[in-house]
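Quick note on labels: first sequence line is chain A, next is B, and so on, each numbered from 1. Computation of the quantities below employed the complete heavy-atom set of this structure, encompassing side-chain atoms and omitting hydrogens, waters and symmetry-equivalent molecules.
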Amino acid sequence: EAGVAQSPRYKIIEKRQSVAFWCNPISGHATLYWYQQILGQGPKLLIQFQNNGVVDDSQLPKDRFSAERLKGVDSTLKIQPAKLEDSAVYLCASSSQGIYGYTFGSGTRLTVV
Amino acid sequence: LAKTTQPISMDSYEGQEVNITCSHNNIATNDYITWYQQFPSQGPRFIIQGYKTKVTNEVASLFIPADRKSSTLSLPRVSLSDTAVYYCLVGDNFNKFYFGSGTKLNVKP
């Protein structure tokens, strides 16, 4: 079974620029999550999708972050404009009801300078 | 949502058994207890999940007392490659899980 694919692996941008991350979940997984992990901390949930609908985006900074999941498969997370404090690893995960646990991708490491 | 408390770090030596305990006093009736392992530069990886008593797989064992207010992840005969951060989460499989800060396990030769 193929894992959760994420790209790019690394990204360096200047503050106030925009950036987008892509995630392809495991085939058939209806639920998709985006997490932000700052160095030394546990992952923080940003947004949860069920198919192509948003279930929870309460911790997503909506003034600069946006996410979409077209056709209930791939998802993109965008930051515009980026701030220095957005430097983190952005993790995508997917899960299927009835199958315990999430499967995470390797993440995108974002550095804002 | 149930909040979890784990030790920040633990040290062990190769070949020893390691037990990491997690407190979750406010666990709900429908919540499961799930443990993840994370290596540097990788996403967390599912280790084990349980609801009550004991669960064992090829990697670890999970012990859950009757009141379910805590759980213990047991790693038998650890090796250097088990050095990682271990996260304890509680939640319903149909809802989101929240990660705490985890336990950084350092296995020494």
Side-chain angles (χ1 to χ4, degrees), chain A residues 1 3-10 21 23-26 29-51 53-60 67 88-111, chain B residues 1-9 20 22-24 30-52 55-60 62 64 71 73 83-106:
Chain A
E1 173 181 77
V4 175
Q6 290 189 247
S7 67
R9 191 77 173 89
Y10 304 93
F21 313 125
C23 172
N24 179 239
I26 291 175
H29 280 194
T31 311
L32 185 146
Y33 312 81
W34 283 101
Y35 283 83
Q36 178 194 58
Q37 186 170 27
I38 294 173
L39 186 64
Q41 299 181 17
K44 170 189 170 184
L45 178 67
L46 293 176
I47 189 167
Q48 175 187 357
F49 290 95
Q50 183 71 21
N51 295 309
V54 176
V55 174
D56 181 9
D57 62 357
S58 58
Q59 298 193 92
L60 186 73
V89 175
Y90 291 85
L91 294 161
C92 178
S94 68
S95 69
S96 176
Q97 282 191 352
I99 297 177
Y100 300 152
Y102 301 176
T103 300
F104 282 84
S106 295
T108 296
R109 181 177 296 278
L110 173 68
T111 302
Chain B
L1 290 165
K3 180 178 179 180
T4 61
T5 303
Q6 312 173 226
I8 295 174
S9 64
I20 305 174
C22 178
S23 297
H24 28 79
N30 294 331
D31 286 344
Y32 283 76
I33 300 155
T34 311
W35 285 81
Y36 284 82
Q37 175 191 57
Q38 187 176 26
F39 298 113
S41 301
Q42 295 185 25
R45 182 176 72 103
F46 174 88
I47 300 176
I48 196 167
Q49 186 180 69
Y51 184 80
K52 62 180 179 181
V55 179
T56 297
N57 61 22
E58 66 278 6
V59 177
L62 178 60
I64 306 168
S71 59
L73 174 72
T83 294
V85 179
Y86 293 83
Y87 294 97
C88 164
L89 292 78
V90 293
D92 185 319
N93 272 322
F94 300 98
N95 289 307
K96 51 195 171 291
F97 290 83
Y98 288 98
F99 286 78
S101 297
T103 297
K104 186 172 184 179
L105 173 65
N106 183 30

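- With chain B as the partner, the residue from A:A93, A:S106, A:G107 showing the most heavy-atom pairs under 4.5 Å is A:S106.
- In this structure, A:Y102 and A:Y33 have parallel ring planes: the angle between them is below the 30° cut-off, well short of the 60° mark.
- Within the 4.5 Å cutoff, the side chain of A:L32 has heavy atoms near those of the A:C92 side chain.
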Q) When you look at B:V59 and B:I48, which way does the side-chain contact (heavy atoms from CB on, under 4.5 Å) test go after all the steps? A) CA-CA 8 Å; B:V59 177; B:I48 196 167; over 6 Å; no
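- Interface remark: A:Q6 contributes no atoms to any contact with chain B (heavy atom separation under 4.5 Å).
- Counting only heavy atoms from C-beta outward, the side chains of B:W35 and B:Q6 approach each other to under 4.5 Å.
- When each of B:S101, B:G100, B:S41, B:P44 is scored by its heavy-atom pairs under 4.5 Å with chain A, the top score falls to B:P44.
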